[in-house]
Amino acid sequence: MNVRLTAKDINPSSKIIITGSKSETNRLLLLKALYPNIVIENASNSDDSEVMNSALTSNNQTIDVHHAGTAMRFLTAYFASQESKTVLLTGSTRMKERPIKILVNALRQLGAEIEYIENDGFPPIKITGQKLIATRVSLPANVSSQYISALLLIAPSLQNGLELELIGEITSASFINMTLKLLQEIGVKTSFVGNLIIVKPKSQDPKPKTIIVESDWSSASYFYSIIALSKEGTKIELSSFKENSLQGDAVLATIYQQMGVETHFEDGKIKLIKNAKPINQNLKLDLNCAPDIAQTIAVTAFGLGISCELTGLQTLKIKETDRLEALQNELSKLGASISITDDSLQIEPTNSINSNQNIATYNDHRMAMAFAPLALKTNINIENAEVVSKSYPNFWSDLKKVGFEIS
């Protein structure tokens with residue numbers, strides 16, 4: 001499905017309800033599989049979370065996670081720790097190109113039995129569940145935080161817990177802290193000092209506990225972009241969000257101040273308002289702790305005609321697509337002067353945007369959603385628009401609510 005987007009003014013009283021964080025939901029689903037007394041409310045309705053839930057409740061010997069990278073990493077660790085259970089874990093063509101060797105090597109250090117079926121270091125993999133007795137493992141700190149979180153999530157169910165040493169500079173620390181805080185919320189004792197994380201074993205189920213998932217800040221980013229690209233005084237209300245969030249992407253509230261967006265927290269909601277203050281004409285950000293919002297910020301900066309330098313983006317090359325190359329390709333179509341390296345991008349100011357361009361999405365939900373707000377500046381066409389269901393199935397209907405015309 002391809003969509004054509006146009007937009008003039010945003011509805012003055014727009015109110016959007018965003019479902020729970022995909023990141024929090026997927027972690028809690030795995031913990032619920034280990035500790036059934038956990039009750040999850042406001043769970044994400046994303047494809048990724050549906051895949052995760054189905055896999056954890058399935059009796060099938062072959063599990064296909066499609067494009068769900070988080071599910072692939074988390075389930076690899078989960079099934080490796082499930083004694084006497086054998087699973088073939090596979091995914092889409094792109095998933096078979098996404099590396100998993102670092103996680104597999106770490107699990108093997110703990111005693112896991114995992115076999116590559118096609119290409120060394122990549123899915124599909126055959127996992128024969130074992131009782132993991134080893135207590136200490138190390139892995140590079142600058143890899144995807146999902147490898148680290150996968151190990152931490154199974155750690156309390158291991159007989160002796162886990163000591164995890166991170167070697168080098170830590171990437172996406174906010175996601176690691178999210179995992180540890182959720183463990184603490186169900187009564188698991190943890191510590192994170194320097195580059196050593198310790199998770200104590202928890203042999204008994206926690207007491208029955210209901211955890212309400214906060215709405216997804218990554219999904220909120222597209223509305224920040226919409227407000228930034230709108231006229232002064234434009235407002236949108238989003239729910240349900242916390243001022244003290246576990247999600248690293250909550251840094252949006254601070255970042256978008258530089259692009260004219262105020263964030264007001266009121267009764268579990270946030271109100272976004274475009275103010276009259278001058279915007280930062282030379283945006284420089286290190287997104288090491290929040291790489292998922294890089295696409296949104298880059299497209300917003302281009303739409304505002306300001307220069308933009310983003311660093312700390314090394315994990316973007318192993319996402320649903322190589323997001324740095326994808327941004328360069330699609331922003332160039334629109335007239336951007338953009339350059340990329342393996343871990344950064346730079347955009348020069350421009351005064352014009354090419355109209356009626358077809359934006360390729362590369363099977364990447366964030367490409368579709370990050371480019372959509374540009375309809376406030378020019379007519380734009382998004383290819384394979386249905387890909388948004390991976391994280392935000394209601395995205396297009398919510399855009400209509402705020403005033404976008406979609407055909």
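Basis for what follows: all heavy atoms, side chains included, without hydrogens, waters or symmetry-related copies.
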Using only atom types and a distance under 3.5 Å, with no angle test, would you say the side chain of [X] pairs donor to acceptor with the backbone of [Y]?
{"X": "Thr179", "Y": "Phe175", "result": "yes"}
{"X": "Ser21", "Y": "Glu24", "result": "yes"}
{"X": "Glu386", "Y": "Met1", "result": "yes"}
{"X": "Asn42", "Y": "Val213", "result": "yes"}
{"X": "Asn288", "Y": "Ile170", "result": "yes"}
{"X": "Arg98", "Y": "Phe122", "result": "no"}
{"X": "Asn275", "Y": "Lys277", "result": "yes"}
{"X": "Trp396", "Y": "Val3", "result": "no"}
{"X": "Glu115", "Y": "Glu113", "result": "no"}
{"X": "Gln247", "Y": "Trp217", "result": "yes"}

Test side chain to side chain donor-acceptor pair (under 3.5 Å) applied to Asn60 - qualifying residues, sequence neighbours left out: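 In terms of side chain to side chain donor-acceptor pair (under 3.5 Å), with neighbours along the sequence ignored, Asn60 is linked to Ser58.
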Using the test side chain to side chain donor-acceptor pair (under 3.5 Å), find all partners of Asp216 that sit at least two apart in sequence or belong to another chain. Ser219
Counting only heavy atoms not in [X] (residues, nucleotides, ligands), do more than 12 fall under 6.0 Å from its [atom1]?
{"X": "Ile167", "atom1": "CD1", "value": "yes"}
{"X": "Glu169", "atom1": "CD", "value": "no"}
{"X": "Glu118", "atom1": "CD", "value": "yes"}
{"X": "Lys271", "atom1": "NZ", "value": "no"}
{"X": "Asn244", "atom1": "CG", "value": "no"}

Thr6, Asp398, Ile226 screened by side-chain contact (heavy atoms from CB on, under 4.5 Å) with Phe404, the one that passes: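 Answer to the side-chain contact (heavy atoms from CB on, under 4.5 Å) test with Phe404 among Thr6, Asp398, Ile226: Ile226.
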Set out, in order, the CA-CA distance, both residues' side-chain angles and the distance that settles side-chain hydrogen bond (donor to acceptor under 3.5 Å, both in side chains) for Asn280 and Gln258, then state yes or no. CA-CA 5 Å; Asn280 183 351; Gln258 300 183 63; 2.7 Å; yes
Check ion pair [X]-[Y] (N to O, under 4.0 angstrom):
{"X": "Asp292", "Y": "Arg323", "value": "yes"}
{"X": "Asp47", "Y": "Lys390", "value": "no"}
{"X": "Glu330", "Y": "Lys333", "value": "yes"}
{"X": "Lys269", "Y": "Glu266", "value": "no"}

Just do the side-chain hydrogen bond (donor to acceptor under 3.5 Å, both in side chains) check on Thr19 and Asn45 with the steps written out, would you? CA-CA 7 Å; Thr19 63; Asn45 65 346; 3.0 Å; yes
Set of residues satisfying ring pair (Phe, Tyr, Trp, His ring centres under 6.0 Å) with respect to [X], sequence neighbours excluded:
{"X": "Phe74", "result": "none"}
{"X": "Tyr392", "result": "Phe395"}
{"X": "Tyr224", "result": "Tyr256"}

In terms of side-chain heavy atoms, does [X] have a donor or acceptor partner in [Y] at a distance below 3.5 Å?
{"X": "Ser218", "Y": "Ser221", "answer": "no"}
{"X": "Asn282", "Y": "Ser307", "answer": "yes"}
{"X": "Thr210", "Y": "Glu41", "answer": "no"}
{"X": "Ser355", "Y": "Asn379", "answer": "no"}
{"X": "Ser92", "Y": "His66", "answer": "no"}
{"X": "Tyr78", "Y": "Arg73", "answer": "no"}
{"X": "Asp343", "Y": "Thr341", "answer": "yes"}
{"X": "Gln146", "Y": "Thr70", "answer": "yes"}

Kindly determine whether Leu151 and Leu162 satisfy side chain to side chain contact (heavy atoms under 4.5 Å, CB included), including the steps that lead there. CA-CA 8 Å; Leu151 295 168; Leu162 184 66; 4.1 Å; yes
Under a 4.5 Å cut-off applied to non-hydrogen side-chain atoms, are Thr86 and Ile127 in contact? no
Between Leu272 and Glu262, is there a side-chain heavy-atom distance shorter than 4.5 Å? no
Give, for atom CG of Asn53 and atom NZ of Lys32, the distance between the pair rounded to the nearest 0.5 Å.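 Between Asn53 CG and Lys32 NZ, I get 9.0 Å after rounding to 0.5 Å.
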What heavy-atom pair brings Leu229 and Pro373 nearest, and what distance separates the two atoms? CD1-O, 3.6 Å
Between Ala368 and Val387, what is the shortest heavy-atom contact and its length? CB-CG1, 3.9 Å
Between Lys207 and Asn37, does a side chain to side chain contact (heavy atoms under 4.5 Å, CB included) hold up when you go through it step by step? CA-CA 7 Å; Lys207 294 177 182 178; Asn37 280 349; over 6 Å; no
Looking at residues at least two apart in the chain, or sitting in another chain, which of them share a side-chain contact (heavy atoms from CB on, under 4.5 Å) with Asn2?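 Testing Asn2 for side-chain contact (heavy atoms from CB on, under 4.5 Å), a comparison that skips the adjacent residues, returns Glu383.
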Let's go through Asn105 and Arg108 carefully: what are the C-alpha distance in whole Å and the side-chain angles of both, what is the deciding distance for side chain to side chain contact (heavy atoms under 4.5 Å, CB included) to 0.1 Å, and is it a yes or a no? CA-CA 5 Å; Asn105 287 350; Arg108 284 174 172 171; 4.1 Å; yes
Would Thr25 and Ser44 count as a side-chain hydrogen bond (donor to acceptor under 3.5 Å, both in side chains) if you check the C-alpha gap in whole Å, the side-chain angles of each, and the deciding distance to 0.1 Å? CA-CA 6 Å; Thr25 298; Ser44 169; 4.9 Å; no
Show the numbers, then the answer: is there a side chain to side chain contact (heavy atoms under 4.5 Å, CB included) between Ile198 and Phe192? CA-CA 7 Å; Ile198 298 175; Phe192 187 1; over 6 Å; no
Would you please test Ser245 and Glu214 for side-chain hydrogen bond (donor to acceptor under 3.5 Å, both in side chains) and show each step? CA-CA 8 Å; Ser245 176; Glu214 182 187 11; 2.7 Å; yes
